[in-house]
Trainee: 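Supplied in structure tokens, the structure appears directly below.
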Amino acid sequence: MTKALIISEDSDLTNQIRSSFENISWTAEDVSLFNIMDQGSDVVQNKSCSILVVDAGFIRYRSLIEEMNAVITNCSRHAPLYMIFKGEYDQVFDNWAKHAKRIFQSTIQPQRAAQAIREIIRLETSAAPRQTYYSPMDSIY
């Protein structure tokens, strides 16, 4: 079964993302920022993608942003990471952004949030699984 991980403190957007994934027969699990810090990249294991929602109040965790760099880096190694900013992107997240497959901004507007979710689903459902093609590198040990 295909699974998405939603890292969010915003229950409304989390529910919107979850229901959008459930509509395409995916499952979606959500965790808070603090839970992901406790569990680390283990929580991303066996997920098809992860979505980090950064709301306007997220900046209050400014002191944790540096600490989170290692967690974000490790999470992005296990599954594609998407970042959804409810407001505008802030440069304080530059280190995280370089690990994101895609960044979406200004999703406080419902239509922008829906558009971002549709785009994530499109990108993830159009990606060919690794098992569907043969690489010449497969014969190298």
Trainee: First locate atom CG of L52, then atom OG of S76, and finally report the distance between them rounded to the nearest 0.5 Å.
Mentor: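 The distance works out to 11.0 Å.
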
Trainee: Hey, what do you get for NE2 (H99) to CD1 (I72), rounding to the nearest 0.5 Å?
Mentor: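 One finds 8.5 Å between NE2 of H99 and CD1 of I72.
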
Trainee: Are any of the side-chain heavy atoms of V43 and E29 separated by less than 4.5 Å?
Mentor: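 Yes. Closest side-chain heavy atoms under 4.5 Å.
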
Trainee: Verify side chain to side chain contact (heavy atoms under 4.5 Å, CB included) between T125 and W26, making sure each step is shown before the conclusion.
Mentor: CA-CA 10 Å; T125 56; W26 282 38; 4.2 Å; yes

Trainee: Do D55 and L13 have side-chain heavy atoms sitting under 4.5 Å apart?
Mentor: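 Side-chain contact under 4.5 Å: no.
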
Trainee: Could you give all pairs that pass the salt bridge (charged side-chain N to carboxylate O under 4.0 Å, His left out) test and reach residues 5-17, with sequence neighbours left out?
Mentor: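 Salt bridge (charged side-chain N to carboxylate O under 4.0 Å, His left out) check on residues 5-17 returns D10-K86.
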
Trainee: Looking only at atom types and distance, does a side-chain atom of K98 sit under 3.5 Å from a main-chain N or O of D94, one as donor and one as acceptor?
Mentor: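 No; judged by distance alone, with no hydrogens or angles, the pair does not exist.
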
Trainee: Looking only at side-chain N and O atoms, does Q45 offer a donor or acceptor that is under 3.5 Å from a partner on D42?
Mentor: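 Judged by distance alone, the side chains do not pair up.
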
Trainee: On a heavy-atom basis, which atom in P80 and which in S48 lie closest, and how many Å separate them?
Mentor: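 Taking P80 first and S48 second, the nearest heavy atoms are CD-O, 3.1 Å.
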
Trainee: Identify, with sequence neighbours excluded, every residue that meets salt bridge (Lys or Arg N to Asp or Glu O under 4.0 Å) alongside R77.
Mentor: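 For R77 there are no salt bridge (Lys or Arg N to Asp or Glu O under 4.0 Å) partners, ignoring immediate neighbours.
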
Trainee: What do the steps show when you test I121 against I24 for side chain to side chain contact (heavy atoms under 4.5 Å, CB included), and what is the final call?
Mentor: CA-CA 9 Å; I121 289 171; I24 63 163; 3.5 Å; yes

Trainee: Just to verify, what does A114 make a side chain to side chain contact (heavy atoms under 4.5 Å, CB included) with, not counting sequence neighbours?
Mentor: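 A114 satisfies side chain to side chain contact (heavy atoms under 4.5 Å, CB included) with Q16, R118 once adjacent residues are dropped.
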
Trainee: Testing S32, S8, S19 for side-chain contact (heavy atoms from CB on, under 4.5 Å) with T14, which one passes?
Mentor: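 Between T14 and the candidates, side-chain contact (heavy atoms from CB on, under 4.5 Å) is satisfied uniquely by S8.
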
Trainee: Going by salt bridge (charged side-chain N to carboxylate O under 4.0 Å, His left out), name the pairs with one or both residues in residues 103-112, residues two or more places apart or in two chains.
Mentor: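 Counting only pairs at least two positions apart or across chains, no salt bridge (charged side-chain N to carboxylate O under 4.0 Å, His left out) contact touches residues 103-112.
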
Trainee: Return a table of donor-acceptor pairs under 3.5 angstrom between the side chains of residues 104-111 and protein atoms on other chains or two or more places apart.
Mentor:
residue	atom	partner	partner atom	Å
Q105	OE1	Y89	N	3.2
S106	OG	E88	OE2	2.3
T107	OG1	F85	O	3.0

Trainee: Could you tell me whether the side chain of I65 reaches within less than 4.5 Å of the side chain of W96, counting heavy atoms only?
Mentor: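 When only atoms from C-beta onward are counted, I65 and W96 do touch, with a gap below 4.5 Å.
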
Trainee: What distance separates N95 CG from M68 CE, expressed to the nearest 0.5 Å?
Mentor: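 One finds 12.5 Å between CG of N95 and CE of M68.
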
Trainee: OG/S50 to CD1/I7 distance, rounded to the nearest 0.5 angstrom?
Mentor: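 Separation between the atoms: 5.0 Å.
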
Trainee: Which residues pass the side-chain hydrogen bond (donor to acceptor under 3.5 Å, both in side chains) test with E119, not counting sequence neighbours?
Mentor: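 Only R102, R122 meet the side-chain hydrogen bond (donor to acceptor under 3.5 Å, both in side chains) criterion with E119.
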
Trainee: Could you check L81 against C49 for side chain to side chain contact (heavy atoms under 4.5 Å, CB included), going step by step and ending with a plain yes or no?
Mentor: CA-CA 6 Å; L81 171 70; C49 68; over 6 Å; no

Trainee: Evaluate the side chain to side chain contact (heavy atoms under 4.5 Å, CB included) criterion for residues M37 and E67: first the C-alpha distance (whole Å), next the side-chain angles of each, then the deciding distance (0.1 Å), finally the verdict.
Mentor: CA-CA 9 Å; M37 286 188 66; E67 270 183 67; 3.5 Å; yes

Trainee: Under 3.5 Å, is there a donor-acceptor pair between the side chain of N74 and the main chain of A70?
Mentor: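 It does hold such a pair.
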
Trainee: Between atom OH of Y82 and atom CD1 of I17, what is the distance when rounded to the nearest 0.5 Å?
Mentor: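 Answer rounded to 0.5 Å: 12.5 Å.
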
Trainee: With a 4.5 Å limit on heavy-atom distance, are the side chains of V31 and I6 in contact?
Mentor: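 They are not in side-chain contact.
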
Trainee: Rounded at 0.5 Å granularity, tell me how far CZ in F21 sits from CD1 in I51.
Mentor: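 It comes to 4.0 Å.
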
